[in-house]
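What follows is a single structure, written as structure tokens, with notes after it.
Order of appearance sets the numbers: ligands from 1, and atoms from 1 within every ligand. Scope of the values below: all heavy atoms of this structure, side chains included, with no hydrogens, waters or symmetry mates. Owing to the predicted nature of the structure, the values given are computational and were not obtained by experimental measurement.
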Amino acid sequence: MISARTGQNNKTNDDPTGPDRGNDFIREAIDEDLKTGRFDHVHTRFPPEPNGYLHIGHAKAVWINYGIARDYDGKFNLRFDDTNPTKEEEEYVESIIEDVRWLGADWEDRLCFASDYFAQMYEYAVDLIQKGKAYVDDLTAEEIREYRGTLTEPGKESPYRGRPIEENLDLFERMKNGEFPDGARVLRAKIDMASPNLNLRDPVIYRILHAPHHRTGDTWCIYPMYDWAHGLEDSIEGVTHSLCSLEFENHRPLYDWFLDALGIYHPRQIEFARLNMTHTVLSKRWLGPLAQEGYVSGWDDPRMPTLSGLRRRGYTPEAIRAFLGRAGIAKTDSIVDVQLLEHCVREHLNKTAPRVMAVLRPLKVVIDNYPDDREEELDAVNNPEDASAGTRKVPFSKVLYIEQEDFMEDPPKKFYRLAPGREVRLRYAYFVTCVDVVKSEKGEVIELHCTYDPETRGGDAPDGRKVKSTLHWVSAKHALEAEVRLYDHLFTKENPMEEEDYRAAFNPASLEVLSPCYVEPSLRDAAPGYRCQFERLGYFCVDSDSTGDKLVLNRTVTLRDEWAKIQKQQQKRK
Ligand code: ATP
Ligand code: MG
């Protein structure tokens, strides 16, 4: 079942940056810990692996961890879980730092890297061997898998499990010194090969890997496994509450075992449900191939649910935070409707984005009775929701563009826009009446001729007569040419993972490029990232592909379209 659920214990206010800190189950658990004295402060972290770009699911984890640290006057670390040298890159580290900062989380001076603890982790492993709780195993990776058993069958103990401590210490040191090739040996924790929790069946904690690391270079040729490293990192940093997504629930007993076996500081782990959203996928594992295989232009393609994609598309951090607040924090998985995210960005941009006129599918209009060489500037309101945004001047002249869909030669009932003989208002300008239609040889309407009423300057008739619609327009002579990119859902299916291969649900119509479009000259100096509302069309954002002489804009989200609604209702009635 897919629902735009809002979660059970979610906060009551829309913007989680607000003063009401809510009382989700995590905060309830922390309140309890502070009351009982289990902890006397709060310290959280966001621990991304730098093997891809952050997506909006990560934003949820960032905002839970950061939001809680902030609410409890605690500390928040940004820590890179960089234990796998083969998949990790500096590019990802940089993008993650940028994204977390953009979202609004502040780690102060606590930017941490798991790789800084490699020496400490090695010492901990030696300690485990000395305690008889870890051993060097010579089985191959395949044999280890076979010996592991299944959910219904217990595993089998490795013949190397009983190796004497001294031998283990010697072999482990030689592993570290680079005496053995990749895959020759591993270090395993000695726990329980019959445990019903497969994570506890003597997990591998170190592997040999002669690969340079993006931070430690060639210092190490053995690397800690994620499960071994993860809990240790939290312990080393003094994290009080390790807040993570549900899939780590059955790893918790293993993290507990490591910390108890070593007798070191023990954070409390609490799990929450991952964020899932309709018409997209939220995993680096699935997003990466879309970028690499050319379905989209890259991790930051504006269709991607990555933070860099959403930013490029025109989303604001405020909108994303409001969305996360409304989606809530829950203990069970659910899928949130992407329309909730769209709603949140509309709501924020409605208050903040300046209005601009732009024509996406231009139809030329000549005002026959307007003097050829006359130009004037008309006053336009920048934001009706925000008086302080003021007004601007919009140039008007004899030749204009309007939207093709704002004219119909033979209009059906309820189509109130321009038609032969009909009068409409040009926003901020004049009433105009269509007097002639020019068509191409193929019969397409290519130009309209209108007359204007000079008495209606500013958009009102002194005699009080009314028109049924107001159109946006741009002056052909003054307009800037632009390419406009319209986006639709990345996937046609609500849940693409239901397909055998999720790529089969990729939406080939997810990008539509319109060019040339014409926008009002006030956008001349708009830099990439500049957001505005194109009146009657939606919210748009200047793209980084823009150059000195070519403006490129992304549609962030549409406005609600009343006409489309009516059309839909009519179709239903048919
Ligand atoms: P992915 O599946 O995208 O690779 P991941 O969990 O492997 O995600 P990490 O870099 O390990 O990626 O994630 C860092 C943190 O973000 C983890 O603690 C994880 O719990 C959290 N996280 C990842 N995806 C989501 C999600 N969809 N919703 C909530 N939290 C998430
Ligand atoms: Mg991961």
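- Below 3.5 Å of separation, one finds no N or O of R285 facing any N or O of ligand 1.
- Checked by distance only, ligand 1 and Y226 stay at 3.5 Å or farther apart across all their nitrogen or oxygen atoms.
- Ligand 1 has no N or O atom lying under 3.5 Å from any N or O atom of P47, backbone or side chain.
- One option in P48, G57, A273, G288 has a heavy atom closer to atom 29 (C) of ligand 1 than any other, and that option is G57.
- Residue K60 places no N or O, backbone or side chain, under 3.5 Å from any N or O of ligand 1.
- Near H58, with a cut-off below 4.0 Å to any heavy atom, the atoms of ligand 1 are 3 (O), 8 (O), 9 (P), 10 (O), 12 (O), 13 (O), 14 (C), 16 (O), 22 (N), 23 (C).
- Side-chain contact check for E498 versus K493: every heavy-atom pair is 4.5 Å or farther apart.
- Taking only nitrogen or oxygen atoms, main chain and side chain alike, N51 does not reach within less than 3.5 Å of ligand 1.
- Of all atoms in ligand 1, listed by their number and element, those nearer than 4.0 Å to a heavy atom of S245 are 19 (C), 20 (O).
- Closest heavy-atom contact between L34 and Y72: CD1-CD2, 3.6 Å.
- Salt bridge annotation for E237-R45: absent, with no cationic side-chain nitrogen under 4.0 angstrom from a carboxylate oxygen.
- By the 30° and 60° cut-offs, the orientation of the rings of Y226 relative to H230 is parallel.
- Screening D227, D138, D137 against R188 for a salt bridge (charged side-chain N to carboxylate O under 4.0 Å, His left out) leaves a single residue, D137.
- Residue E49 has at least one heavy-atom neighbour below 4.0 Å for each of these atoms of ligand 1: 9 (P), 10 (O).
- Ring planes of F491 and Y502: tilted class, angle from 30 to 60°.
- Considering backbone and side-chain N/O of A61, none are found under 3.5 Å from N/O of ligand 1.
- Look at W286 and you'll find every heavy atom at least 4.0 Å from all atoms of ligand 1.
- Considering R45, K284, R274 only, the shortest heavy-atom separation from atom 6 (O) of ligand 1 involves R274.
- Residue-ligand proximity, F46 to ligand 1, at heavy-atom distances under 4.0 Å covers atoms 14 (C), 15 (C), 16 (O).
- The aromatic rings of F506 and Y295 sit perpendicular, their planes meeting at an angle over 60°, well past the 30° parallel limit.
- Aromatic ring pairs are classed by plane angle as parallel below 30°, tilted from 30° to 60° and perpendicular above 60°; the pair H279 and H489 is parallel.
- Ring geometry, F248 versus Y255: the interplanar angle falls from 30° to 60°, so the pair is classed tilted.
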